[in-house]
Amino acid sequence: KKPSFFTAHSLGAWKKARMGGNPVEMEKVYNFTHRIHEENRIFSSVLAQTATTSIQRTLFKQYYNFESDAIEVIPPGVNIHTYNPNETEEDKRLKIPGKYIFCLSRIDANKGHDYLLHAFNLVRKRIKDIHLIIGGGSPKPERVEREVKENMRSIIIEYNMADSVHITGYIPDELIAPYYRQAALFVLPSKFEPFGMTALEARACGTPVIASNLGGIKENFTSGKDGILVDPSNKESLSDAIIALLDNPARAEKIGEEGRKTVIEKFSWEAIAGRTLEFYEKYMNT
């Protein structure tokens with residue numbers, strides 16, 4: 001009996017539609033029926049809710065037939081003090097293979113690691129001595145994560161890329177910003193991406209970012225200015241975008257600078273906190 005608000009960082013019905021796969025198996029793994037039921041219950045019981053992007057807001061109507069005037073778009077925030085371009089002692093202690101592309105996310109079927117590996121096989125044939133570091137995952141991985149990693153290893157073996165692709169697994173919090181900063185560029189190749197927090201963290205560090213144009217993440221970029229958006233399912237498009245930035249360090253640096261500027265202005269915790277307070281005050285008084 002207290003005022004309550006809700007923010008969905010992804011939506012079960014949309015995730016179910018995008019992921020495909022065997023419906024029975026996917027239901028066992030992700031419990032979509034229960035999740036969607038609970039989402040509907042929450043939508044109708046809270047005072048108001050926020051969506052992380054305007055695209056996500058349209059999904060309430062499309063997938064849940066739910067409409068409300070009490071839905072506002074407020075993105076998640078980034079700690080621009082932790083994620084910044086300034087090197088620390090941790091940066092110097094990183095055991096990195098040399099010049100590398102970095103990808104960090106949950107290890108899940110929707111994150112597009114297979115897309116990135118197929119594209120990287122083309123990149124390494126054009127750019128010598130380039131490496132790919134894929135980070136993320138649980139210290140105690142469950143079945144889906146183990147299966148995704150096994151598929152990744154199969155692609156690496158198929159292309160004989162074991163010397164240039166490095167799967168780190170879980171990365172401790174204090175090392176995430178150093179990994180972003182030391183990367184030549186960051187790539188988030190998701191098959192669908194409601195928001196893309198790691199892409200914002202990388203941009204806060206001044207690292208140039210190439211991201212998927214599939215989903216709400218594209219609202220956070222002005223492609224060609226503060227990042228590059230591509231369809232990651234097209235390995236030629238993704239590899240061409242990566243090669244173009246690696247071949248043009250000045251342009252990559254400029255995109256990295258503009259990316260940090262965008263994050264400071266629109267996605268810092270300070271900026272988001274102000275918008276969130278206004279949201280609470282508005283709906284607490286209705």
Side-chain angles (χ1 to χ4, degrees), residues 19-22 91 93-172 175-176 178-193 196 198-199 202 207-214 227-249 251-252:
M19 290 190 72
N22 181 293
D91 289 67
R93 289 198 289 266
L94 278 187
K95 295 180 180 179
I96 54 179
K99 188 175 182 179
Y100 68 93
I101 298 161
F102 186 42
C103 175
L104 177 69
S105 69
R106 286 182 297 105
I107 305 299
D108 206 342
N110 72 294
K111 291 299 181 180
H113 296 100
D114 50 345
Y115 290 166
L116 179 55
L117 289 168
H118 290 304
F120 181 73
N121 182 49
L122 301 178
V123 171
R124 70 192 183 103
K125 294 174 180 178
R126 293 270 304 276
I127 306 290
K128 301 303 179 185
D129 300 321
I130 188 69
H131 292 259
L132 172 62
I133 296 179
I134 297 176
S138 169
K140 296 180 180 179
E142 296 186 357
R143 181 168 67 90
V144 171
E145 183 173 334
R146 294 196 300 269
E147 289 175 353
V148 171
K149 280 189 173 180
E150 187 56 39
N151 183 50
M152 290 162 61
R153 293 188 187 99
S154 297
I155 297 171
I156 292 167
I157 291 170
E158 176 187 351
Y159 291 138
N160 193 26
M161 299 192 297
D163 290 340
S164 54
V165 179
H166 314 271
I167 301 175
T168 68
Y170 173 77
I171 295 178
L175 294 182
I176 294 175
Y179 267 108
Y180 287 139
R181 280 192 289 263
Q182 296 301 316
L185 56 90
F186 180 83
V187 180
L188 188 62
S190 306
K191 298 178 181 180
F192 69 90
E193 189 61 64
T198 55
T207 302
V209 171
I210 296 173
S212 169
N213 64 4
L214 305 176
I228 304 292
L229 294 173
V230 297
D231 179 351
S233 67
N234 185 320
K235 63 182 180 181
E236 286 81 13
S237 294
L238 180 54
S239 63
D240 286 348
I242 293 170
I243 291 166
L245 282 190
L246 292 175
D247 273 344
N248 192 337
R251 181 167 184 254

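Each residue takes its place number in the sequence, starting with 1. The structure displayed is predicted, hence computed values, not measured ones.
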**Fill in**
Hits for ring pair (Phe, Tyr, Trp, His ring centres under 6.0 Å) against Y115, two or more places apart or cross-chain, chain-then-number order -> none
**Request:** Kindly determine whether I228 and R251 satisfy side chain to side chain contact (heavy atoms under 4.5 Å, CB included), including the steps that lead there.
**Result:** CA-CA 11 Å; I228 304 292; R251 181 167 184 254; 3.7 Å; yes
**Prompt:** Is any side-chain heavy atom of Y179 less than 4.5 Å from a side-chain heavy atom of I171?
**Reply:** yes
**Message:** For the backbone of S212 and the side chain of E193, can you confirm whether one donor and one acceptor N or O come within less than 3.5 Å of each other?
**Reply:** no
**Request:** Show your working on side chain to side chain contact (heavy atoms under 4.5 Å, CB included) between I242 and F120 and close with a plain yes or no.
**Result:** CA-CA 9 Å; I242 293 170; F120 181 73; over 6 Å; no
**Request:** Measure across S237 and D231 and return the closest heavy-atom pair with its distance rounded to 0.1 Å.
**Result:** CB-O, 4.4 Å
**Message:** Quick test of your reading of the model: are D163 and R124 salt-bridged, counting only N-O distances below 4.0 Å?
**Reply:** no
**Asked** What residue pairs, at least two apart or across chains, pass side chain to side chain donor-acceptor pair (under 3.5 Å) with a residue in residues 94-105?
**Response** S105-H113
**Message:** Looking at every heavy atom in both L246 and A184, which two are closest together, and how far apart are they?
**Reply:** CD2-CB, 3.8 Å
**Prompt:** How long is the gap from CG on L94 to CD on Q182, to the nearest 0.5 Å?
**Reply:** 6.0 Å
**Message:** Do D114 and I155 make a side-chain contact, defined as non-hydrogen atoms from C-beta onward lying under 4.5 Å apart?
**Reply:** yes
**Fill in**
The complete set of ring pair (Phe, Tyr, Trp, His ring centres under 6.0 Å) pairs with one or both residues in residues 122-161, sequence neighbours excluded, reads H118-Y159, H131-H166
**Item:** Minimal non-hydrogen separation, K191 against L214, with atom names
**Value:** O-CD1, 3.3 Å
**Message:** Please check: side-chain N/O of T207 versus main-chain N/O of Y180, any donor-acceptor pairing under 3.5 Å?
**Reply:** yes
**Request:** Would you check if the side chain of R146 reaches a backbone N or O of P141 as a donor-acceptor pair within less than 3.5 Å?
**Result:** yes
**Item:** E147 side, atom CD; K149 side, atom NZ - distance, nearest 0.5 Å
**Value:** 13.0 Å
**Message:** Show, in sequence, the C-alpha distance, side-chain angles and deciding distance for L117 and L132, and conclude whether the side chain to side chain contact (heavy atoms under 4.5 Å, CB included) test is met.
**Reply:** CA-CA 9 Å; L117 289 168; L132 172 62; 3.9 Å; yes
**Message:** Looking at every non-hydrogen atom in both residues, tell me the closest pair between V209 and A202 and how far apart they are.
**Reply:** CG2-CB, 3.8 Å
**Option among I130, N248, L238, I127 that satisfies the side chain to side chain contact (heavy atoms under 4.5 Å, CB included) test with I243** = I127
**Request:** Hey, could you give me the CG/CD1 distance between L185 and I210, rounded to the nearest 0.5 Å?
**Result:** 5.0 Å
**Test item: V187 and P232 side chains (from C-beta on) under 4.5 Å apart, heavy atoms** = no
**Request:** Check R106 against N110 and note the closest heavy-atom contact, atom names and distance.
**Result:** NH2-OD1, 4.0 Å
**Asked** Rounded to the nearest 0.5 Å, how far apart are CD1 of I134 and NZ of K111?
**Response** 13.5 Å
**Request:** Work out which heavy atom in S239 is nearest to a heavy atom in A119; give both atom names and the distance.
**Result:** CB-O, 3.5 Å
**Asked** Does the side chain of I167 reach to within under 4.5 Å of the side chain of I107, using non-hydrogen atoms?
**Response** no
